[in-house]
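Below: one structure, written as structure tokens.
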Amino acid sequence: MKEIKVPTGTSDILPEQIPLWRYVEDTVRTVFERYGYSEIRTPIFEYTALFNRAIGDTSDIVEKEMYTFNKSETPGEDSVTLRPELTAPIVRSYLENNLPKIKQFQKLYYCGPLFRYERPQKGRRRQFTQAGVEALGSTSYLLDADKCRDAYRDTLKKYLEPHLPQLCGNCQRRFQRNVFRILDCKTPNCIAINKDVPAFDKYLCADCRAHFDNLIKTLDESGMKYGLDKHLVRGFDYYTKTIFEITHSSLGAQDALCGGGRYDDLIAELGGPSLGAVGFAIGLERTMLALESADIKMPEPPRPKVFVAVIDQKFSPKAFHIITTLRQKGISADMDYEGKSVKSQFRTADKLKSEFVITIGEDEITKQTLKLKNMVSGTETEVNESEFLSKPSF
RNA sequence: GUGGGUGUAGCUCAAUUGGUUAGAGCACGAGACUGUGGAUCUCGUGGCUGCGGGUUCGAGCCCCGUCACUCACCCCA
């Protein structure tokens with residue numbers, strides 16, 4: 001029989017990694033909330049049609065990377081898909097729950113697992129976690145953003161057409177499927193051709209132009225550091241106007257920590273009013289890779305405050321009573337359950353990094369006291385048992 | 001889906017040109033005159049060398065296949 005292991009591209013998060021996860025999750029929540037975003041949670045799977053419509057069929061995600069299934073043979077039961085991204089589900093929920101009617105402008109954030117059927121590599125997993133924000137319903141200047149994109153697409157095609165034979169095989173395919181991707185190519189030959197590609201900002205309509213200029217002006221005035229990348233391309237069809245990424249050099253080929261942009265037409269495309277929106281998502285696993293490479297000190301794992309050791313196993317019930325009492329008073333406490341030697345119990349307490357050890361033996365029972373040892377300083381004190389248990393102090 | 005790299009103990013790695021019972025460090029467990037941790041020392045547990053075939057008197061090592069992991073393409077966080 002074949003050994004059953006964790007599925008390809010997924011991994012267990014073991015107890016020792018949990019503090020880092022908590023740290024990262026807590027941090028994004030705190031920051032998002034500081035910026036006025038509220039958390040929203042949507043299902044892990046959605047009807048497949050949602051992603052087909054939102055992401056667009058030029059994307060590989062829709063073509064071959066979705067976990068799609070149909071449990072029911074009944075006709076009319078629609079196929080569902082494990083969510084490969086979260087913008088579309090959130091827009092869906094925003095509309096379905098009439099959020100724009102309650103308050104047109106909504107600032108929402110999320111944090112959770114996503115699924116894409118891909119070949120794993122550094123920073124790329126089949127199940128991964130993203131935290132992101134969506135600012136939905138900001139007044140849209142632009143109903144004609146697509147026109148700019150179409151115009152630029154035509155310009156690009158016109159420029160690249162004569163060079164087509166010199167482009168790499170991938171790019172020749174891209175020319176038909178998605179010209180913009182050619183700008184992103186890493187083949188030396190293609191890079192050379194791309195160098196002289198017409199700049200996109202010459203092809204913006206007045207509206208987009210104004211939007212772009214305003215954005216740049218705001219960024220400059222707030223002292224925000226950024227770079228303009230005329231070769232930046234993002235995969236989803238729903239993006240309009242501004243797109244952006246944050247990358248980190250430690251991440252290898254998959255170096256985007258964060259990516260996002262405007263999607264001013266998506267709400268309307270999913271059946272809602274014509275309202276603009278912006279959002280971005282942060283890859284949590286990639287963030288953690290970057291944190292590890294930056295040698296950031298890991299948060300301390302939780303540890304028991306008290307470990308109770310017994311001289312003889314016959315005192316175990318007593319020890320059990322003590323840890324139960326302490327736990328009820330909100331103090332983390334633990335003990336040995338396997339009748340180990342005193343030395344071994346202390347070793348265990350040490351390994352757990354327990355702050356204090358209480359020892360119980362004949363002496364303590366007759367005197368009705370507890371021996372309390374501070375495991376950092378090594379000093380031992382004797383306390384009255386009933387006093388300590390009714391009002392523990394260290 | 002395509003290509004490269006790597007698979008030996010829980011982890012990191014050894015094992016002369018193919019040659020006996022596959023080793024070490026760390027980790028884990030027990031102990032060092034028995035009511036006390038960390039340091040040191042002693043002892044111990046632990047491997048169908050990823051799996052399946054082949055070549056050979058003999059394979060951890062060579063050949064083929066397969067699986068897994070990994071990096072990269074593709075695509076994307």
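So you know, we letter chains A, B, ... as the sequences are listed, proteins then strands, and number each from 1.
Within the nucleic acid shown, A/E364 comes within 4.0 Å of at least one base atom, counting heavy atoms only. Nucleic acid contact for A/R125: base, since at least one base atom lies under 4.0 Å from a heavy atom of the residue. Contacts of A/T348 with the nucleic acid, taken as non-hydrogen atoms under 4.0 Å apart, are absent. No contact: A/L114 has no heavy atom under 4.0 Å from any strand. As judged by a 4.0 angstrom heavy-atom cut-off over every strand, A/E362 is placed among the base-contacting residues. At the heavy-atom level, A/A349 lies nowhere under 4.0 Å from the strands shown. Heavy atoms of A/K353 sit nowhere under 4.0 angstrom from any nucleic acid atom.
A donor N or O paired with an acceptor N or O is found under 3.5 Å between the base of B/U36 and the side-chain atoms of A/E380. One can find a donor-acceptor pair under 3.5 Å joining the base of B/C74 and the side-chain atoms of A/R124. Between the side chain of A/E65 and the base of B/G1, no donor-acceptor pair of N or O atoms lies under 3.5 Å.
Nucleotide B/G1 forms a Watson-Crick or G-U wobble pair with B/C73, both donor-acceptor distances falling under 3.5 Å. Under the Watson-Crick or G-U wobble criterion, with both distances below 3.5 Å, B/G46 has no partner in any strand shown. Across all strands shown, nothing is found opposite B/A22 as a Watson-Crick or G-U wobble partner with both distances under 3.5 Å. With a cut-off of 3.5 Å on both Watson-Crick or G-U wobble distances, the partner of B/A15 is given as none. Base-pair partner of B/C41: B/G31 (Watson-Crick or G-U wobble, both distances under 3.5 Å). Using Watson-Crick or G-U wobble geometry with both donor-acceptor distances under 3.5 Å, B/G65 finds its partner in B/C51.
Listed for the A/S354 side chain is a donor-acceptor partner under 3.5 Å among the backbone atoms of A/F307. With hydrogens and angles ignored, the 3.5 Å screen pairs a side-chain donor or acceptor of A/S332 with a backbone N or O of A/K305. Between the side chain of A/R126 and the backbone N or O of A/E118, at least one donor-acceptor pair lies under 3.5 Å. Within the 3.5 Å criterion, the main-chain N or O of A/S377 finds a donor-acceptor partner in the side chain of A/N374.
For B/A39, neither phosphate oxygen OP1 nor OP2 lies less than 4.0 angstrom from any side-chain nitrogen or oxygen of A/R347. Here A/S341 does not reach the OP1 or OP2 of B/A30: none of its side-chain N or O atoms lies under 4.0 Å away. Note on A/S344: every side-chain N or O is 4.0 Å or more away from OP1 and OP2 of B/G29. For the OP1/OP2 pair of B/A72 and a distance below 4.0 Å, the side-chain nitrogens and oxygens of A/Q121 include at least one atom meeting the criterion. Between A/R119 and B/C71 there is no side-chain N or O to OP1 or OP2 distance below 4.0 Å. Within the 4.0 Å cut-off from OP1 or OP2 of B/G29, at least one side-chain nitrogen or oxygen of A/K351 is found. The shortest distance between the side-chain N/O atoms of A/T129 and the OP1/OP2 oxygens of B/A77 is not below 4.0 Å.
Going from atom CD of A/E85 over to atom C1' of B/A77 covers 11 Å, rounded to whole Å. We find that CG of A/L82 is positioned 17 Å from P of B/A77, with the value rounded to whole Å. One can place CG of A/D255 at 13 Å from P of B/C74, the figure rounded to the nearest angstrom. To the nearest angstrom, P of B/G35 lies 15 Å from NZ of A/K373. Distance A/E118 CD to B/U2 P: 16 Å, rounded to the nearest Å. Rounded to an integer number of Å, the gap from A/L370 CG to B/G35 C1' is 15 Å. For the pair A/E16 CD and B/A27 C1', the interatomic distance rounds to 12 Å; values are reported in whole Å. A straight line from CG of A/D336 to P of B/G35 spans 16 Å, rounded to a whole angstrom.
Taking the P atom of each, B/A59 and B/G53 are spaced 13 Å apart, rounded to whole Å. Rounded to whole Å, the separation between the C1' atoms of B/A14 and B/G25 comes to 11 Å. A distance of about 15 Å separates the C1' atoms of B/G54 and B/C61, rounded to the whole Å. Taking atom P on both nucleotides, B/G31 is separated from B/G23 by 28 Å, rounded to a whole Å. Only the C1' atoms considered, B/G7 is 32 Å distant from B/C43, to the nearest whole Å. One P atom belongs to B/U2, the other to B/U8, and the distance between them is 25 Å to the nearest Å. Comparing the same atom, P, in B/G29 and in B/G4 gives a spacing of 44 Å after rounding to whole Å. To the nearest whole angstrom, the two P atoms, one in B/A32 and one in B/G38, are 13 Å apart.
Closest to the side chain of A/K371, from the set B/A30, B/G37, B/U36, is B/U36. Checked against B/A68, B/C74, B/U36, the side chain of A/T359 finds its nearest nucleotide in B/U36. Taking every side-chain heavy atom of A/A253 into account, B/A72 is the closest of B/A68, B/A77, B/A72.
Counting heavy-atom neighbours within 6.0 Å of A/Y117 OH, excluding the residue itself, gives a total of 12 or less.
Both A/G123 and A/S354 lie close to RNA chain B; mapped to their nearest nucleotides by heavy-atom distance, the more 5′-ward contact belongs to A/S354. Comparing A/G259 and A/D363 along RNA chain B, the residue whose closest nucleotide (by nearest heavy atom) sits nearer the 5' end is A/D363.
Residues A/T242 and A/F212 fail the side-chain proximity criterion, which asks for heavy atoms closer than 4.5 Å.
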request  = Report the C-alpha distance between A/R83 and A/E85 in whole Å, list the side-chain angles of each, state the deciding distance to 0.1 Å, and finish with yes or no for salt bridge (charged side-chain N to carboxylate O under 4.0 Å, His left out).
outcome  = CA-CA 6 Å; A/R83 60 191 193 191; A/E85 62 100 50; over 6 Å; no

request  = Tell me, with the steps shown, if A/F388 and A/F394 meet ring pair (Phe, Tyr, Trp, His ring centres under 6.0 Å).
outcome  = CA-CA 9 Å; A/F388 180 82; A/F394 297 93; 5.6 Å; yes

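Ring-centre distance between A/Y37 and A/Y109: not below the 6.0 Å cut-off.
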